[in-house]
Amino acid sequence: MSAALLRRGLELLAASEAPRAAPGQAKASGAPGKRTRRARAKASQALKLRNSAKGKVPKSALAEYQKRQCRDHLRTNLKFMTCVRSTVPESVTQQILQQNQGRKACDRVVAKTQKKKKKKKAEGTVFTEEDFQKFQREYFGS
């Protein structure tokens with residue numbers, strides 16, 4: 001399963017679970033309140049101190065590499081999927097399956113009408129040669 005497909009499935013599950021969440025769990029949105037003059041001065045001073053090299057500790061190259069390395073989210077995803085005990089609606093399941101369907105012919109579902117039809121045997125005539133001769137005599141009069 002690709003990461004994008006799994007991510008999309010998790011988004012769909014989270015979207016279906018969002019209306020059921022308690023109202024107290026919602027995050028407060030909006031701009032932060034006005035800062036006082038003293039708080040602004042402290043923030044600007046902290047920025048100035050942060051920009052200087054004095055008092056900085058050198059970082060480990062290995063720690064930096066591991067921080068930038070791709071993380072495996074399998075455990076967290078599995079934990080989320082197993083904790084969610086609600087049934088997924090059929091429409092969401094069909095949407096995930098439709099997104100997983102590729103464009104190649106081997107990925108497409110074969111419809112019943114598109115299956116190869118068996119060739120029918122050539123049907124023999126019901127009339128015999130004698131019937132044809134009899135008809136010829138009666139029709140043409142010879």
Side-chain angles (χ1 to χ4, degrees), residues 1-37 39-53 55-142:
M1 209 186 279
S2 68
L5 179 64
L6 184 61
R7 192 176 309 113
R8 181 69 179 142
L10 287 172
E11 287 173 8
L12 289 172
L13 277 174
S16 66
E17 289 296 317
R20 297 181 190 168
Q25 293 177 353
K27 292 182 180 179
S29 62
K34 292 183 178 180
R35 292 184 180 176
T36 61
R37 186 180 299 172
R40 270 188 262 135
K42 248 185 194 179
S44 64
Q45 188 179 10
L47 281 174
K48 287 177 186 174
L49 289 175
R50 195 181 313 155
N51 292 339
S52 68
K56 283 201 171 186
V57 179
K59 295 179 182 176
S60 167
L62 182 62
E64 286 294 315
Y65 173 76
Q66 289 173 348
K67 189 169 95 176
R68 287 180 174 75
Q69 192 68 9
C70 292
R71 294 187 180 136
D72 186 21
H73 300 287
L74 179 66
R75 288 185 189 271
T76 55
N77 289 341
L78 285 176
K79 187 176 180 181
F80 175 76
M81 296 285 240
T82 54
C83 289
V84 176
R85 290 288 178 200
S86 66
T87 57
V88 180
E90 184 67 26
S91 60
V92 175
T93 308
Q94 290 301 323
Q95 193 175 359
I96 292 172
L97 289 174
Q98 186 180 7
Q99 288 171 355
N100 194 21
Q101 209 171 19
R103 293 184 62 143
K104 291 188 276 183
C106 64
D107 293 335
R108 294 194 179 174
V109 179
V110 178
K112 292 180 182 178
T113 58
Q114 293 177 351
K115 290 183 181 178
K116 293 182 180 179
K117 296 180 180 177
K118 294 181 181 178
K119 294 182 180 179
K120 294 182 179 179
K121 292 183 180 178
E123 294 180 5
T125 61
V126 181
F127 302 104
T128 61
E129 188 65 33
E130 295 170 355
D131 293 332
F132 284 117
Q133 288 175 359
K134 183 180 175 185
F135 173 75
Q136 186 179 5
R137 274 187 245 127
E138 288 175 359
Y139 189 76
F140 297 112
S142 53

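The basis for the numbers below is simple: all heavy atoms, side chains too, and nothing from hydrogens, waters or symmetry mates. Here, residue 1 is the first one in the sequence, and each next residue gets the next number.
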Rounded to the nearest 0.5 Å, how far apart are [atom1] of [X] and [atom2] of [Y]?
{"X": "T76", "Y": "L10", "atom1": "OG1", "atom2": "CG", "value": "8.5 Å"}
{"X": "T82", "Y": "L78", "atom1": "OG1", "atom2": "CG", "value": "7.0 Å"}
{"X": "Q99", "Y": "S2", "atom1": "CD", "atom2": "OG", "value": "10.0 Å"}
{"X": "R75", "Y": "N77", "atom1": "CZ", "atom2": "CG", "value": "12.0 Å"}

**OP:** Name all residues meeting the salt bridge (Lys or Arg N to Asp or Glu O under 4.0 Å) criterion together with K79; count only those two or more places apart in sequence or in a different chain, and write none if there are none.
**Re:** none

Original post:
Is there side-chain contact between F132 and Q136, with heavy atoms separated by less than 4.5 Å?
Top reply: no

Original post:
Does some side-chain heavy atom of Q98 sit less than 4.5 Å from a side-chain heavy atom of Q94?
Top reply: no

Subject >> Heavy-atom closest contact (L12 atom, V92 atom, distance) >> reply: CB-CG1, 3.9 Å

**OP:** Decide salt bridge (Lys or Arg N to Asp or Glu O under 4.0 Å) for R7 and E11; before the verdict, give the C-alpha distance in whole Å, the side-chain angles of both, and the deciding distance to 0.1 Å.
**Re:** CA-CA 6 Å; R7 192 176 309 113; E11 287 173 8; 5.8 Å; no

**OP:** Decide, yes or no, whether a salt bridge links K134 with E130 under the criterion of side-chain N to carboxylate O below 4.0 Å.
**Re:** no

